Enquirer: 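Here you go, one structure.
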Amino acid sequence: MSRWTDLAGKASGEDYAARFATLARSGKNVHGEAQFCAALVPVGARVLDAGCGTGRVMIRLAELGYECAGVDLDASMLAVARMQSPGLPWFQLDLAEFEPALLGIAGGFDLVVAAGNIFPLLAPGTETTVVERLSAALRPGGLLVAGFGLDEAHLPVLPNLTLSDYDDCCAAAGLTLVDRFATWDADPYSGGGYAVSVHRR
């Protein structure tokens with residue numbers, strides 16, 4: 001069981017979407033992740049949203065002209081995503097079992113994005129497998145972008161994954177660190193409780 005499943009229970013999708021809708025109404029930019037990704041690959045690029053949740057990031061990227069697919073384990077999250085954008089491809093699957101061919105889609109993505117604390121909320125011990133699966137879905141030269149918390153102030157669970165751990169997983173999967181930022185607004189990273197990492201296959 002993933003740490004997210006243990007945390008969220010059975011009906012998290014609508015609550016999660018409502019929280020971001022409230023933030024958007026207050027004037028807060030809720031599309032930072034999509035804007036960050038759009039700065040890395042050209043319009044029309046293929047993007048996999050790994051741990052897509054309610055689809056906030058992927059729907060925005062699709063609106064900007066990207067060819068997207070989303071994968072998530074949480075049925076309640078995906079129900080919201082499908083309701084908001086029924087024309088986009090949403091798949092329910094554990095990322096540790098992800099293979100594009102099993103879903104009837106092509107691999108060779110230009111970018112894979114894992115936003116929203118995906119890696120710290122995986123089932124413990126599956127981090128390396130998930131990175132390997134996502135790396136294999138990238139084209140040569142493709143990018144894996146992941147943003148997640150590193151301390152209790154930035155996570156809903158106790159921290160269990162360090163940046164060093166994550167970089168080791170990426171190196172084992174044939175990925176090289178390109179850059180690291182403190183926020184999705186691309187502020188420089190100089191330590192701290194949240195990091196956005198960009199690795200290249």
Side-chain angles (χ1 to χ4, degrees), residues 2-3 32-53 57-58 60-61 64-72 93-103 105-151 154-155 159-201:
S2 73
R3 299 181 89 197
E33 300 98 326
Q35 290 167 350
F36 183 95
C37 293
L40 295 175
V41 290
V43 172
R46 297 185 66 235
V47 176
L48 173 69
D49 191 346
C52 61
V57 176
M58 178 169 143
R60 181 58 178 160
L61 283 168
L64 293 173
Y66 292 88
E67 182 183 340
C68 302
V71 178
D72 202 280
L93 190 71
D94 189 324
L95 290 175
E97 301 172 359
F98 175 69
E99 288 184 32
L102 293 179
L103 303 177
I105 59 175
F109 286 93
D110 299 294
L111 184 144
V112 173
V113 57
N117 287 320
I118 300 305
F119 282 98
L121 295 174
L122 293 173
T126 66
E127 297 88 355
T128 297
T129 298
V130 171
V131 173
E132 289 173 347
R133 297 276 184 168
L134 298 182
S135 175
L138 286 167
R139 65 167 176 79
L143 300 173
L144 172 61
V145 178
F148 54 86
L150 303 163
D151 59 21
H154 294 86
L155 285 170
N160 71 331
L161 184 69
T162 68
L163 282 179
S164 179
D165 293 335
Y166 179 66
D167 286 343
D168 288 346
C169 292
C170 289
L175 299 168
T176 302
L177 180 65
V178 175
D179 217 335
R180 178 162 282 143
F181 303 92
T183 68
W184 291 100
D185 292 325
D187 296 318
Y189 184 77
S190 57
Y194 192 88
V196 180
S197 304
V198 182
H199 286 78
R200 187 182 303 278
R201 181 179 176 191

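Numbers for residues simply follow the sequence, beginning at 1. It should be emphasised that the depicted structure is a prediction, and the values quoted were computed from it without experimental measurement.
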Enquirer: So, taking the atom named CG in Leu177 and the one named CG in Asp179, what distance separates them when rounded to the nearest 0.5 Å?
Expert: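 One gets 7.0 Å once the value is rounded to the nearest 0.5 Å.
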Enquirer: side-chain contact (heavy atoms from CB on, under 4.5 Å) for Phe148 and Ile118? Distances and angles first, verdict last.
Expert: CA-CA 7 Å; Phe148 54 86; Ile118 300 305; over 6 Å; no
Enquirer: Residues in salt bridge (charged side-chain N to carboxylate O under 4.0 Å, His left out) with Asp168, at least two apart?
Expert: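 Asp168 satisfies salt bridge (charged side-chain N to carboxylate O under 4.0 Å, His left out) with no other residue.
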Enquirer: Looking only at atom types and distance, does a side-chain atom of Asp94 sit under 3.5 Å from a main-chain N or O of Ala96, one as donor and one as acceptor?
Expert: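 A pair under 3.5 Å: yes.
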Enquirer: The test is side-chain contact (heavy atoms from CB on, under 4.5 Å); show your working for Phe36 and Val113 and say whether it passes.
Expert: CA-CA 10 Å; Phe36 183 95; Val113 57; over 6 Å; no
Enquirer: How close do Phe181 and Ala186 get, counting heavy atoms only, and between which atoms?
Expert: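 Closest approach of Phe181 to Ala186, heavy atoms only: CD2-O, 3.3 Å.
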Enquirer: Take Tyr66 and Val41 through the test side-chain contact (heavy atoms from CB on, under 4.5 Å) and record every step on the way to the result.
Expert: CA-CA 9 Å; Tyr66 292 88; Val41 290; 3.8 Å; yes
Enquirer: Measure across Ala182 and Pro188 and return the closest heavy-atom pair with its distance rounded to 0.1 Å.
Expert: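 For Ala182 and Pro188, the tightest heavy-atom pair comes out as CB-O, 3.4 Å.
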Enquirer: With a 4.5 Å cut-off on side-chain heavy atoms, are Cys52 and Asp72 touching?
Expert: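 Yes, at least one pair of side-chain atoms sits under 4.5 Å.
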Enquirer: Could you walk me through whether Val43 and Leu64 pass the side-chain contact (heavy atoms from CB on, under 4.5 Å) test, one step at a time?
Expert: CA-CA 7 Å; Val43 172; Leu64 293 173; 5.8 Å; no
Enquirer: Flag the pair Asn160 / Pro120 as yes when at least one side-chain heavy-atom distance between them is below 4.5 Å, and no otherwise.
Expert: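 Yes - at least one pair of side-chain heavy atoms lies under 4.5 Å apart.
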Enquirer: Answer yes or no: is there a side-chain heavy-atom contact under 4.5 Å between Leu122 and Leu161?
Expert: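 Not in contact.
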Enquirer: For Arg180 and Ser197, which I'm curious about, is there any donor-acceptor pair between the side chains at under 3.5 Å?
Expert: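 Yes, side-chain donor-acceptor contact under 3.5 Å.
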Enquirer: Side-chain contact, heavy-atom cut-off 4.5 Å: Tyr194 with Thr183?
Expert: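 Side chain of Tyr194 against side chain of Thr183, heavy atoms only: no contact under 4.5 Å found.
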Enquirer: With a 4.5 Å limit on heavy-atom distance, are the side chains of Trp184 and Val145 in contact?
Expert: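 Touching, per the 4.5 Å side-chain cut-off.
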Enquirer: Taking side chain to side chain donor-acceptor pair (under 3.5 Å) as the cut-off, I'd like each qualifying pair that reaches into residues 120-147, sequence neighbours left out, listed once.
Expert: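 Listed by first then second residue: Glu99-Arg133, Asp110-Arg139.
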Enquirer: Supply the atom-to-atom distance Phe119 CZ to Leu134 CG, rounded to the nearest 0.5 angstrom.
Expert: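 Here the interatomic distance stands at 5.5 Å.
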Enquirer: Say you draw a straight line from CG of Leu95 to CG of Leu93; how long is it, rounded to the nearest 0.5 Å?
Expert: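 These two atoms lie 7.5 Å from each other.
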Enquirer: Would a 4.5 Å heavy-atom cut-off, applied to side chains only, mark Arg201 and Phe109 as touching?
Expert: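 No - every pair of side-chain heavy atoms lies 4.5 Å or more apart.
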Enquirer: Of all the heavy-atom pairs spanning Gly70 and Met58, show the shortest one and how long it is.
Expert: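 It is N-SD, 3.2 Å.
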Enquirer: I need the minimum non-hydrogen distance between Ala69 and Ile105, along with the two atoms involved.
Expert: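 Of all heavy-atom pairs spanning Ala69 and Ile105, the closest is CB-CD1, 4.3 Å.
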Enquirer: Is it true that the side chains of Asn117 and His154 contain a donor and an acceptor less than 3.5 Å apart?
Expert: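 Per modelled atom types, Asn117 and His154 side chains form no pair under 3.5 Å.
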Enquirer: Do you know the tightest heavy-atom contact between Ala115 and Glu33?
Expert: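 Closest approach of Ala115 to Glu33, heavy atoms only: CB-CG, 3.9 Å.
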Enquirer: State, yes or no, whether a side-chain contact exists between Cys37 and Leu61 at a heavy-atom distance under 4.5 Å.
Expert: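 Of all side-chain heavy-atom pairs linking Leu61 with Cys37, at least one is under 4.5 Å.
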Enquirer: Whether the side chain of Arg200 engages the backbone of Gly141 through a donor-acceptor N/O pair (distance < 3.5 Å, no angle test) should be reported.
Expert: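 Indeed, once roles are kept as given, a pair shorter than 3.5 Å links the two residues.
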Enquirer: Heavy atoms only: give me the nearest Leu121-Gly116 pair and the separation to one decimal.
Expert: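 Scanning both residues completely, I find the closest heavy atoms to be CD1-O, 4.4 Å.
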Enquirer: Quick one: which of Val178, Val198, Leu138 gives a side-chain contact (heavy atoms from CB on, under 4.5 Å) with Leu144?
Expert: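 Looking at Val178, Val198, Leu138, the match for Leu144 under the side-chain contact (heavy atoms from CB on, under 4.5 Å) is Leu138.
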